[in-house]
2 protein chains.
Amino acid sequence: MKKKTSLKDIAREAGVSVTLVSYVLNGKNIERINADTATRIREVASKLNYTPNFIAKSLKKNKTYTLGLIIADISNLFYSSIARIIEDKAQENNYNMIFGSADENMEKFKGLVDVFLRRQVDGIILAAPAHSEETLKYLSEQRVPFVLIDRFFPSIDDASFVVIDNFKASYKVAEHLHDNQFKHPVMITLTSELHHLRERSRGFEEGGKHFFGDRSDYIITVEEEKLSGEIEKTIKELIYGDRQVDALYFSTNKIAMEGLAAIAKFKIKVPDQLGVVCFDEADAYRIFNTSITYVKQPLKKIGDQVVKTLLNIVEGSKEVEHVVFNTKIISGESSER
Amino acid sequence: MKKKTSLKDIAREAGVSVTLVSYVLNGKNIERINADTATRIREVASKLNYTPNFIAKSLKKNKTYTLGLIIADISNLFYSSIARIIEDKAQENNYNMIFGSADENMEKFKGLVDVFLRRQVDGIILAAPAHSEETLKYLSEQRVPFVLIDRFFPSIDDASFVVIDNFKASYKVAEHLHDNQFKHPVMITLTSELHHLRERSRGFEEGGKHFFGDRSDYIITVEEEKLSGEIEKTIKELIYGDRQVDALYFSTNKIAMEGLAAIAKFKIKVPDQLGVVCFDEADAYRIFNTSITYVKQPLKKIGDQVVKTLLNIVEGSKEVEHVVFNTKIISGESSER
DNA sequence: TTGAAAGCGCTAACAC
DNA sequence: GTGTTAGCGCTTTCAA
């Protein structure tokens, strides 16, 4: 790459000191600088095509105007959507994002946090995997500005977060299915210790008990690694077995895709034979043969809020913000009876 | 954030000079440093929890170990998939990615390039929108290392790129449809001046002429902005109108999603009533009621290669690399007769 | 074996 | 109004 012009170059060319150039170009102390000198400096600067050296500025100010974003997987629709919103919002505030995918793996997560800290990001937005409490505590101790997104940890109470009310989201799904005359709904979710998924389950369990009777078999968990095979088996059993389940609620968009794939494969009729509700929206639902009912998170609000909260902290706020958004059920034919 | 420990802190604590600390911690001139001193320095460093100041290093070395990635839209499946691969590969080489979405908008693209240059990225990977030749020429002139991905511009011949053979990809689709007894195939694509999309069309046109007869109505273009409505109308006309089209080829994954959605909506039988081939893979195809035939790009190869090529340039190579990969047709029931 | 010192490009307190 | 200077944390030349 070509060498950039520096303040020194401009100073030399304009016959003034570096200080003055710095002042003029940053608009500082401008009131007591000779107008002509200022103009001349600006002219030389633009003639030499000056752009400030970001790194030098960062070193001096100890601020990089860079934020880190750690998510599970950038190629997952939910995260890429939120990433896009965060990116735009950061851009708007003159920050850049560096990102990394932790694959729900606590070691990878820790590695990424380390990388970001070494890069001296001004703050981090993170969707933390299970068992990452240690790392989060470390961040707190080091006074690194960070905000949790999507999930939080009850044991970490001094961290800001922006999440949705997962309990209520699922409870409302139970109610929705009841309103639509379904009798035997089951939620399929991932075997996970993540609090937000637990809450999603708890909400459906409570809702189930309230609307469908006091049983304890409203939830079925599947291990993430065996998702594909397991879910086909599970669905077959539920539909054709003794339980006569008449509606399924998939608790994440990943599970939803697998579940819908199985339903398509077995040519199960939705909603006649089986009602379906999915978590999270997806363009892809439209290619399913029935329009899909889904729980919609306010992605834009979440993304904007998380950047706002983080920048507050970066700028010195000591306040811990806990923002909880509500979800909406977008009704499709898949759960209409 | 807490203040970091610096070389100076270590030097003071260990009673040596900063130089020595720098040498030891970077493993330089290690052969002529007293082993005990070295050990002591390392001990102090770890005791004080030293991590090097990346910014200072960058300033000194004029290298940030950061790469920029500009794509159309990170929330688009194709780009988020490739982003994930690039991210991993960069990580592997101790580089970080900052990214931005240009939305196929030349102004936004230019803006992002500017931002990245100001950030002094060591190199840029870009999926450039139409009419961005000016910006690319500027990058060439400034000797900024960059590699084009997905699309290239015939008029810019000194830029490295990693792409697929779009002509051949589409030609093979025509052949595939012919092999499967289809008679009247049409390709639906975007109205676009992008060379790679043009090539995709040209391939199908040539293939069509070769396999289905010398006509000139093999391609239908739709404007991106009106995609949703337009495509429904188009498909209806093609199927139920005079043309008796019996197979559709969707030229991008975005069009494919829209097209499949329309097909699902109209309850068109695939493949009996209509054969379907899509460009690019998508998990979501599985929830369509028929398994989908698609053109598969070697994403992993592309992503790995583009990082490799870029790092070569970053490290001083003057060679212009033009890498063209081939695609594969993954056959599903949607085009089997 | 070790260290002093210059300098990467910039900011800002403090002269003049 | 303008300039001198110190210093952010690091690397590296040169001298000791």
Side-chain angles (χ1 to χ4, degrees), chain A residues 1-42 44-45 48-66 94 117-122, chain B residues 1-42 44-45 48-66 94 117-122:
Chain A
M1 280 201 256
K2 267 192 194 170
K3 218 186 132 291
K4 303 178 51 156
T5 44
S6 67
L7 290 190
K8 216 205 269 182
D9 299 328
I10 300 174
R12 195 185 316 113
E13 181 86 11
V16 294
S17 77
V18 174
T19 313
L20 214 48
V21 179
S22 169
Y23 283 154
V24 169
L25 265 27
N26 288 297
K28 286 208 172 144
N29 301 326
I30 202 75
E31 64 286 355
R32 49 191 176 93
I33 292 172
N34 183 305
D36 291 349
T37 324
T39 321
R40 188 153 39 93
I41 288 173
R42 274 191 269 264
V44 174
L48 296 184
N49 240 315
Y50 175 77
T51 54
N53 183 316
F54 211 85
I55 303 171
K57 255 190 174 142
S58 297
L59 179 60
K60 187 72 194 178
K61 300 258 198 102
N62 204 21
K63 189 159 167 35
T64 56
Y65 283 93
T66 304
N94 291 313
L117 290 183
R118 251 180 285 139
R119 298 245 153 198
Q120 280 139 289
V121 294
D122 294 338
Chain B
M1 282 202 255
K2 267 193 195 169
K3 217 185 133 290
K4 304 178 50 153
T5 44
S6 67
L7 290 190
K8 216 206 269 180
D9 300 327
I10 300 174
R12 196 185 316 112
E13 181 86 9
V16 293
S17 75
V18 174
T19 314
L20 214 47
V21 179
S22 170
Y23 282 155
V24 169
L25 266 28
N26 288 297
K28 286 207 171 146
N29 301 326
I30 202 76
E31 64 287 355
R32 48 194 178 89
I33 293 173
N34 184 303
D36 292 350
T37 326
T39 320
R40 187 152 41 91
I41 289 174
R42 274 191 269 262
V44 174
L48 297 183
N49 240 317
Y50 175 77
T51 54
N53 184 317
F54 211 86
I55 303 170
K57 255 190 173 142
S58 296
L59 178 59
K60 189 70 194 177
K61 299 253 197 107
N62 204 21
K63 188 158 167 39
T64 56
Y65 284 93
T66 303
N94 291 312
L117 290 182
R118 251 181 286 139
R119 297 247 153 196
Q120 280 139 288
V121 294
D122 295 337

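Here is the naming used below: chain letters follow the sequence lines, and residue numbers restart at 1 for every chain.
In this structure, Glu31(A) atom CD and dG1(D) atom P are separated by 10 Å, rounded to whole Å. One can place NZ of Lys63(B) at 18 Å from C1' of dT12(D), the figure rounded to the nearest angstrom.
Under the rule for a ring-ring contact (aromatic ring centres under 6.0 Å, His included), the partners of Tyr65(B) that lie at least two apart in sequence or sit in another chain are Tyr95(B). A search for side chain to side chain contact (heavy atoms under 4.5 Å, CB included) contacts involving Arg118(A) returns Asp114(A), Val115(A), Thr51(B), not counting sequence neighbours. The side chain to side chain contact (heavy atoms under 4.5 Å, CB included) check on Thr39(A) picks up Glu43(A), with sequence neighbours excluded. Annotation: salt bridge (Lys or Arg N to Asp or Glu O under 4.0 Å) contacts of Lys60(B) (sequence neighbours excluded): none. For the side chain to side chain contact (heavy atoms under 4.5 Å, CB included) test, residues two or more places apart in sequence or in another chain that qualify with Thr66(B) are Arg119(A), Thr64(B), Ile98(B), Val121(B). For Lys63(A), the salt bridge (Lys or Arg N to Asp or Glu O under 4.0 Å) partners at least two apart in sequence or on another chain are Asp122(A).
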N/O to N/O distances under 3.5 Å, protein versus nucleotides 13-16 of chain D:
from: dT13(D); atom 1: O4; to: Tyr23(B); atom 2: OH; distance (Å): 3.4

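Within the structure, every side-chain polar atom (N or O) of Lys28(B) is placed at least 4.0 Å from both OP1 and OP2 of dT11(D).
Two residues are said to be in side-chain contact when any heavy atoms from C-beta on lie closer than 4.5 Å; Leu25(B) and Ile10(B) meet this criterion. Contact annotation: the side chain of Gln120(B) never approaches that of Ser58(B) to less than 4.5 Å [non-hydrogen atoms, C-beta and beyond].
The stretch residues 4-16 of chain A comes close to DNA chain C through Ser6(A), Leu7(A), Lys8(A), each having a heavy atom under 4.0 Å from the strand. The stretch residues 49-59 of chain B touches DNA chain C through Leu59(B), each having a heavy atom under 4.0 angstrom from the strand.
For DNA chain C, the span of nucleotides reached by chain B at under 4.0 Å from its heavy atoms goes, 5' to 3', from dT1(C) to dG9(C).
Within 6.0 Å of CG on Asn62(A) lie no more than 12 heavy atoms contributed by other residues, nucleotides or ligands.
The CG atom of Asn49(B) sits 10.5 Å away from the NZ atom of Lys4(B) when rounded to the nearest 0.5 Å. If you take CG on Leu7(B) and CG on Leu48(B), they are separated by 11.5 Å, rounding to the nearest 0.5 Å. One finds the CG atom of Leu20(A) at 4.5 Å from the CD1 atom of Ile41(A) (value rounded to the nearest 0.5 Å). Going from atom OG1 of Thr19(B) over to atom CD1 of Ile33(B) covers 10.0 Å, rounded to the nearest 0.5 Å.
Between Ser17(A) and Lys60(A), the residue anchored closer to the 5' end of DNA chain D is Ser17(A), taking for each the nucleotide with the nearest heavy atom.
The two residues Ala11(A) and Ser17(A) have their closest heavy-atom pair at CB-C, 3.8 Å.
Residue contacts for Asn62(B): at a heavy-atom cut-off of 4.0 Å it reaches no nucleic acid atom on any strand shown.
Over its full length, the helix from dT1(C)-dA16(D) to dC16(C)-dG1(D) turns its helical axis through 50°, comparing axes from the five pairs at each end and rounding to 10°.
Residue pairs meeting the salt bridge (Lys or Arg N to Asp or Glu O under 4.0 Å) criterion with at least one partner in residues 23-40 of chain B, sequence neighbours excluded, do not occur; the list is empty.
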